[in-house]
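What follows is one structure encoded as C-alpha cells, with my remarks underneath.
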Amino acid sequence: MQKVTQPYPLSKSESLTETLHGVSVADPYRWLEDRNSAQTTQWLEEQRAFTRRYLDSLPGRERIRSRIRELLSSDFLDTPHKVGERIFFLKRSRYSEQPAIMMRESLDGPDITLLDPTSHFGLTSLSVGIIGVSSDARLLAFTVREGGEDLHAIQIFSVDEGRIIVDSLPRGTSNGFVLSDDSTGFFYSHDVSQTNRLPTSAYWHAFGTNSSEDFEVFAAPRDKNVRLSLVGSPACAYVGFLVTRMEETRVHEFYVQDKRGRLPARLFLHGIEGRLIPRISGKSLACLILSGCDNGQIICTDLQSGVGAWQTVVPPSRAKIHDFALVRKTIFVRYVQNAETRVEMFGLMGQRIGQLPAPSDGTTRLFPCDPEGDSLFYRFSSFVEPPAIYCYHPQTKANRLWTSQQFPFDRSSFVVTQAHCNSTDGTRIPVHLVRQKQWAHLHSLPTLLTAYGGFGNSITPEFSLFGSLMMEKGCLFAVASVRGGAEFGEQWHQAAKRHNRQNAITDFLEVSQWLLRERHTSPQRLAIAGGSNGGLLVAAATTQSPGLFRATLCLGPLFDMLRYHLFDSARNYIEEFGSADDSNDFPYLLAYSPYHRVKDHTAYPAIMIVSGDSDSRCNPMHARKMTARLQAASVSRRPILLDYRPECGHRPVQPLQTRVELLTNRISFLCRELDISA
C-alpha cells in the first residue's frame, strides 16, 4: 500500500451550523462552495500539487499510459445521421485529439472531412457534435463545446460550399434547435445570459438576417420551474413545443405548430405526469408516456385530425420502454427487461412487425434518426465486445454492420457469468461477473465493483474501456443492477427513488458482502467505482461501511444532499431525490448524505474523487467539500485524493491526451491499492 507520508494541504474548518427543520447541521467547509474566492483557488492549487506528487510516485505509470494510448488511438465513428444518400458522422482518427465531422455520399463511400475542430479552431479543448441536417442534406448544424461543459454554441456548416455560414447561436444552454423544412432558417430556444432571449420562449431565425430580427413564435409561462424543449426534424413540416413544469412530479404539455406559421400552436397533450417523449414524422405524432409505476406506452395521432384522436399503438407490458425511434411508418421500441435489452418493431396502427435482428447478449442503443428517412442506425456492445454500429432498412429488412471499433485485445480470453444475491429484504439483485478465463477458477481476485442505481437508468451488458483495462490486469469486474434503475421495470426504479434511496445503497452493500462470502475477493482486494449518481452511491456505501472496501473511486459525484439542489441545474433532480427544503424529504436525505455521514477518527479506504469546474450537473463544490472533510476525518493513512481539472465536466469529450491522463491516474491508483502489478 502506498501510504500518505506528507500532510494533506490545510483545509480550514469553520464552526458553521444551521438549523433545518429543528435539526442542527454542521457544514465546516461551506467556504469551498465559492469557486471564485482566493482561498478556494489556493486550496485547489495545493490539492492538485499534492495529488500530482502522489500519482507521479506510483510505479508502472508509463506502462499503463502507453497501453491506454494504444487502445484509445484506434479509429472511432459515432452518431451517424443519414439524410437522403448522405451520411454525416463523427470520426476520431488515430491519434487525433478530437473527433471531426465527416460525410459519406453513400454507406460505403469514402470518408470526406467537413470540419476538424482542432485545425479549424486551433484548440484541442473544443469538441463538436451534430444536432441537425437539413432535408436536402446541404446544411449541417453542429455544437461547439469547451471541455466537458453542458453549455455550447451552435453553428451552421454549408456542405456544398465547404464553409461555416454567419448564422449561429452563442455559447449557452440549448433547449432545442430545429431546422426548417425548406432550409430558410431555424427554430430555437437558447438560454444565454445578458440577452433579452427568454429560456421559456422559442424563436425563429431566418438565414441571412441579423439575430436582433429573430421573433418569438411560442412562449411558455415565465417561471423558474418551467422548462421548454423543442421537438422536430428538418424534413417535417411541423415543430413541437414541450412545456414541462418541475413540481413534485414532472407535468407536461405538448403543442404543435406548422413551421410556416400559418396556424397558431395547438395543444395536443396536457397534464401528462412523469416522462413524455414526443416524435413527429410527416403528419404523424407519436409519444412515449411513462407515468408512475407504468412501464410506458406509446400513443399516436394524425396531426391533421382532432387533438382527441389518439390511439394506443404500443401498450404497457412487463418490460419498461426506455426509448423509441420513428422511421417513416415503423416504430422501433427499445425495452429493458431482466437487465437485458431488445428492440421490437411496430406499425403506426399498432401491429407488431417483429424484433430488430440485433446481436444478443449485449446492449442495443438507438441513434437519433430522420423520421422521413429509410434507415435506422443503432449501436451494439457487450462487456467484451467493443461498440459496433449497424444499419437496418425497414422496407428491405436488410441489417448490416456499418462500422466497428477495433481494440487490440483478445475478446475470447474473457468469460461473462451472471449471478444473484439477496438484499436484506429478500430482493434478488443481479450481478454480472467478467474476468479472464485463466483466472476463472481462482478465489480472492482483485475486484472492481460498480453500479448506478438511480433515475431509472438500467445497467445492462455494455463495453467499458476502463473495466476492460482493469480486467487485463487480472481484475474481476463486477456490475450490480441495484434498485433505482429499471432493469425490472419502473417499479424497480420506484423502489429506490426519493424516500426509498437507501434501498439502492443497501443493495450495493449486500452485493459487496456477497462477493466476500462467495470468496470472489477479500476486503483488502475490493474496490468500488461510480460516476454521477453512481458516485453518490459508492460514496454513501463507503461512509456507511468504510471497513468493507480497500479503495473508492468517485467520478463527477453528488455528496452534499442537503444543498445539491441550490447549484446549477440540480433542481431538476428534486423529483428523484427530494429537497432538504421539504420537511418530509429532509430526514431521508440527511440519513444517507455522504458529506454528513463522514465521522472523525475513522479509518476510511483510499479514495479518489474526480471533478472539474465545467461540471454543471454535479457541481464541483461537492468534490471540494468532501475531499476536505475526508482528509480531516480519516486515520487510515490511505490516500484521499482530488483529481481536479478546470476543463473537466460531466460530458466525456476531453481531448485524447487528457483522456489518457485521466484514465492513467485512475488505473494507477487502483492497481496500487489492490496490489496489482502495473
Side-chain angles (χ1 to χ4, degrees), residues 71-134 137-159 162-164 168 174 177 179 233-234 325 365-370 373 375-381 386-391 401-407 462-463 465 647 649-660:
L71 292 176
L72 282 176
S73 296
S74 59
D75 287 355
F76 177 61
L77 277 63
D78 201 9
T79 59
H81 290 64
K82 186 174 186 292
V83 178
E85 294 302 314
R86 285 178 166 176
I87 302 103
F88 302 89
F89 56 96
L90 296 179
K91 178 180 181 179
R92 195 188 67 221
S93 301
R94 186 173 178 82
Y95 297 122
S96 295
E97 288 294 323
Q98 291 284 6
I101 298 177
M102 312 290 290
M103 182 184 73
R104 292 182 183 177
E105 294 286 3
S106 64
L107 276 176
D108 298 314
D111 294 348
I112 302 169
T113 302
L114 298 183
L115 182 75
D116 183 332
T118 302
S119 60
H120 181 84
F121 298 109
L123 295 170
T124 61
S125 60
L126 293 180
S127 62
V128 294
I130 302 171
I131 59 168
V133 180
S134 64
R138 293 182 176 182
L139 295 176
L140 180 144
F142 65 97
T143 60
V144 182
R145 194 184 310 275
E146 174 79 26
E149 66 178 2
D150 284 327
L151 301 176
H152 59 258
I154 297 178
Q155 298 189 7
I156 311 292
F157 188 86
S158 174
V159 177
R163 65 180 182 89
I164 297 175
S168 64
S174 177
F177 181 94
L179 286 163
S233 66
R365 294 190 180 273
L366 308 177
F367 284 108
C369 59
D370 177 9
S375 305
L376 171 81
F377 283 91
Y378 66 92
R379 179 172 59 209
F380 174 85
S381 73
I389 298 176
Y390 292 80
C391 181
L401 175 67
W402 186 60
T403 185
S404 60
Q405 192 167 5
Q406 302 299 315
F407 282 119
E462 201 158 14
F463 187 77
L465 180 60
E647 71 276 11
H650 224 69
R651 292 175 175 268
V653 292
Q654 292 80 18
L656 175 63
Q657 187 55 38
T658 301
R659 294 184 65 197
V660 169

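The first residue of the sequence shown is numbered 1, and numbering continues consecutively from there. All values derive from a computational prediction rather than experimental measurement.
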Review point. Which atom pair, heavy atoms only, marks the closest approach of S375 to C391?
Key: CB-SG, 3.8 Å
**Study point:** Distance, nearest 0.5 Å, that separates CZ of R163 from OG of S158
**Key:** 6.0 Å
Review point. Do F177 and T143 touch side chain to side chain, with heavy atoms closer than 4.5 Å?
Key: no
Study note, to complete from the structure: In terms of heavy-atom contacts, L114 and F157 come closest through O-CZ, 3.4 Å
Check your understanding: Between the side chains of E85 and S106, is a donor N or O closer than 3.5 angstrom to an acceptor N or O?
Key -> no
Review point. Does R379 pair with D78 as a salt bridge, N-O distance under 4.0 Å?
Key: yes
Check your understanding: Should D150 and R651 count as side-chain neighbours, where that means a heavy-atom distance under 4.5 Å?
Key -> yes
**Study point:** Residues Q406, D75; criterion side-chain contact (heavy atoms from CB on, under 4.5 Å); working and verdict
**Key:** CA-CA 8 Å; Q406 302 299 315; D75 287 355; over 6 Å; no
Point to revise | 4.5 Å side-chain heavy-atom contact, P99 and F76 | key: no
Check your understanding: Closest heavy-atom contact between T79 and I130?
Key -> O-CD1, 4.4 Å
Check your understanding: Between the side chain of H120 and the main-chain N/O of T118, is any donor-acceptor distance below 3.5 Å?
Key -> no
Review point. Measuring from F377:CZ to T403:OG1, what's the distance to the nearest 0.5 Å?
Key: 10.5 Å
Exercise for review: Indicate the atoms forming the closest heavy-atom contact of R145 with L151, along with that distance.
Suggested key: CG-O, 3.6 Å
Check your understanding: Closest approach of P117 and L126, non-hydrogen atoms and distance?
Key -> CB-O, 3.8 Å
Exercise for review: Give a yes or no on whether the ring-centroid distance for F407 and F463 is below 6.0 angstrom.
Suggested key: yes
Study note, to complete from the structure: Tested for side chain to side chain contact (heavy atoms under 4.5 Å, CB included) against E97, the lone hit among T124, D116, T658, L123 is T124
Review point. L107 and W402: which non-hydrogen atoms are nearest, and at how many Å?
Key: O-NE1, 3.2 Å
Revision key, fill the gap. CD1 (I389) and CZ (R365) are apart, to the nearest 0.5 Å, by 13.5 Å
Review point. Distance from I101 atom CD1 to F89 atom CZ, nearest 0.5 Å?
Key: 11.0 Å
Exercise for review: Evaluate side-chain hydrogen bond (donor to acceptor under 3.5 Å, both in side chains) for Q155 paired with S168, printing each intermediate quantity in order.
Suggested key: CA-CA 5 Å; Q155 298 189 7; S168 64; 5.7 Å; no
Review point. Does the side chain of L140 reach to within under 4.5 Å of the side chain of L115, using non-hydrogen atoms?
Key: no
Check your understanding: Salt bridge check: are R104 and D111 linked by an N-O gap of less than 4.0 Å?
Key -> yes
Study note, to complete from the structure: Between the OG atom in S127 and the CD atom in E149, the distance rounded to the nearest 0.5 Å is 9.0 Å
Study note, to complete from the structure: Output for pair (M103 CE, R86 CZ), nearest 0.5 Å, gives 4.5 Å
Review point. Do K82 and D370 meet the salt-bridge criterion of a basic N to acidic O distance under 4.0 Å?
Key: no
